[in-house]
Number of protein chains: 2
Amino acid sequence: MSHPLRTHIESVSQLTDEEFDYILSHFTPVKLKKHSSLVREGDLVKHEYFVLKGCLRSYITDNAGKEFTYQFAVENWWISEREAFMKHIPASTAIECMEDCELLALSYDDRAKLGREFWKYEHYLAVKSNMGYVALQKRLQLLIMGSAKERFENFVHQYPHLYNRIPKTHIASYLGVSRETISRLYRK
Amino acid sequence: MSHPLRTHIESVSQLTDEEFDYILSHFTPVKLKKHSSLVREGDLVKHEYFVLKGCLRSYITDNAGKEFTYQFAVENWWISEREAFMKHIPASTAIECMEDCELLALSYDDRAKLGREFWKYEHYLAVKSNMGYVALQKRLQLLIMGSAKERFENFVHQYPHLYNRIPKTHIASYLGVSRETISRLYRK
DNA sequence: ATTTTTAAGTGACAAATGTCCTTTCACCCC
DNA sequence: GGGGTGAAAGGACATTTGTCACTTAAAAAT
């Protein structure tokens with residue numbers, strides 16, 4: 001069975017064994033316990049992460065201390081604080097493990113290096129970035145157009161495996177509604 | 001006084017007169033009357049547009065016939081139906097002129113050609129795309145975190161010139177609230 | 001200038017959603 | 001295996017926002 005990262009990259013472009021081994025050699029394994037922080041607000045973010053095992057979320061905290069989930073990540077997803085990572089500025093979003101996690105970390109410099117050395121890797125990044133943009137667009141659309149109910153149903157439909165894995169509180173804050181509203185919705 | 005398009009590109013990277021003239025030669029002027037459509041739902045989108053004069057909006061229509069504004073564009077903004085333009089698929093979003101407009105159209109092929117011929121133009125596109133992503137992120141954040149009031153105040157603060165230029169109905173649909181709610185808000 | 005159309009303001013009411021509080025249940029930790 | 005901890009369900013009530021109907025004002029058309 002092929003390495004999860006390889007499978008992910010090859011959904012965009014094929015690699016030889018040598019190429020993949022070389023790429024993989026730039027990643028560092030990271031293990032984290034449930035509830036630990038991967039990134040805290042204000043941190044400099046020197047890596048982006050590919051998730052091998054576990055479940056994380058990135059979130060913003062407003063002045064009143066309320067948390068808003070910006071993104072989830074499970075196996076075979078990438079996660080980081082994009083803006084902080086790209087621009088070398090302090091993170092405005094925190095990232096936390098919701099389960100014990102195993103990650104692969106790639107530094108900014110190594111990412112740039114791989115991009116330079118492999119057209120294919122650069123292309124993979126570009127495709128990934130574009131998919132991210134389109135996903136963001138869709139989510140925005142749903143936020144503007146849909147009621148709490150529609151947003152929730154869409155979420156369950158789109159991520160059935162997350163619905164039973166992630167605390168409802170966080171799903172609520174991802175959808176921009178209160179936890180109680182979520183409760184009310186699937187009573188019916 | 002320099003050409004608006006040149007000014008815009010040069011906010012990212014400098015051009016010689018010859019380079020700019022060559023780039024500009026790939027653009028076609030387009031004039032449109034108020035209320036006319038630049039893109040209709042279902043159209044193939046072969047161009048992207050730089051706005052020289054006027055004011056446009058892109059919007060989605062839901063099953064009930066309700067319109068949701070996805071984006072505004074005024075002088076010195078770019079506008080298109082990104083997904084349709086990039087992937088050569090039918091547009092799911094329409095674009096309409098809210099005033100008489102003068103645009104510069106650039107075809108998909110010419111865009112690619114300019115990107116190939118000028119590293120600087122390619123770079124300009126990349127920076128623009130990244131800024132678009134960050135802007136989308138900010139807007140999403142505000143939609144999740146902010147009340148109607150906060151969203152509206154943020155809009156007025158961020159785009160004071162649009163607030164007096166664009167019908168409130170469309171500002172409301174951009175913010176994801178009803179027109180009446182907007183009315184109520186700035187009574188106070 | 002007069003008519004017609006379109007945008008905007010307003011109030012009353014309904015529906016959706018948020019907030020607060022209590023109770024229950026499941027899981028984790030000595 | 002009991003005590004503690006955190007997540008979730010549920011009810012009561014407050015607040016926000018949407019909807020509808022009507023009026024006024026402004027802009028466009030003739």
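Below, chains carry the letters A, B, ... as their sequence lines are ordered, and counting in each starts from 1. Treat the numbers as computed from the prediction; the structure is a model and nothing was measured.
Between D:dG18 and B:Ser178, a contact under 4.0 Å exists linking OP1 or OP2 to a side-chain N or O. Applying the 4.0 Å criterion to OP1 and OP2 of C:dA8, one finds that B:Ser183 has every side-chain N and O outside that range. Phosphate contact (OP1/OP2 of D:dA8, side-chain N/O of A:Thr169, threshold under 4.0 Å): present.
Residue A:Lys168 contributes atom NZ, which lies 13 Å from atom P of D:dG10 at whole-angstrom precision. Atom CD1 of B:Ile166 and atom C1' of D:dA27 are 18 Å apart (whole Å). Rounded to an integer number of Å, the gap from B:Asn164 CG to C:dA8 P is 11 Å. Atom CZ in B:Phe68 sits about 10 Å away from atom P in D:dG18, given to the nearest Å. For B:Tyr163 and C:dA8, the OH to C1' distance is 11 Å, given to the nearest whole Å. Rounded to an integer number of Å, the gap from B:Leu185 CG to C:dG11 C1' is 16 Å. Distance, B:Ile182 CD1 to D:dT16 C1': 14 Å, rounded to whole Å. At whole-Å resolution of the value, CD in A:Glu150 and P in C:dA16 are 11 Å apart.
Remark: side-chain polar atoms of B:Lys120 are not paired, donor with acceptor, to backbone N or O of B:Gly115 under 3.5 angstrom.
Across all strands shown, B:Lys66 has heavy atoms under 4.0 Å from sugar-phosphate atoms exclusively, and none from any base.
Between the side chain of A:Arg184 and the base of C:dG18, a donor-acceptor pair under 3.5 Å is found.
When each of C:dA8, D:dA9, D:dT19 is scored by its nearest atom to the side-chain atoms of B:Arg179, the top-ranked nucleotide is C:dA8. The side chain of B:Lys34 lies closest to D:dA28, out of D:dA8, D:dA28, C:dG11. Residue A:Pro167 has its side chain nearest to D:dA8 when only D:dA8, D:dG18, C:dT17 are considered. For A:Ser147, the listed nucleotide lying nearest its side chain is C:dT17; candidates were C:dA8, C:dT17, D:dT19.
Between B:Leu103 and B:Leu38, the closest side-chain pair of non-hydrogen atoms falls below 4.5 Å.
None of B:Phe50, B:Trp77, B:Tyr121 except one satisfies the ring-ring contact (aromatic ring centres under 6.0 Å, His included) rule with B:His8; the exception is B:Phe50.
When each of A:Arg151 and A:Glu180 is assigned the nucleotide of DNA chain C bearing its nearest heavy atom, the one mapping closer to the 5' terminus is A:Arg151.
Relative to the ring axis of B:Phe152, B:Arg184 does not place its NZ or CZ within 45° and under 6.0 Å from the centre.
Annotation for A:Leu175 and A:Arg151: closest pair O-NH1, 2.6 Å, computed over non-hydrogen atoms.
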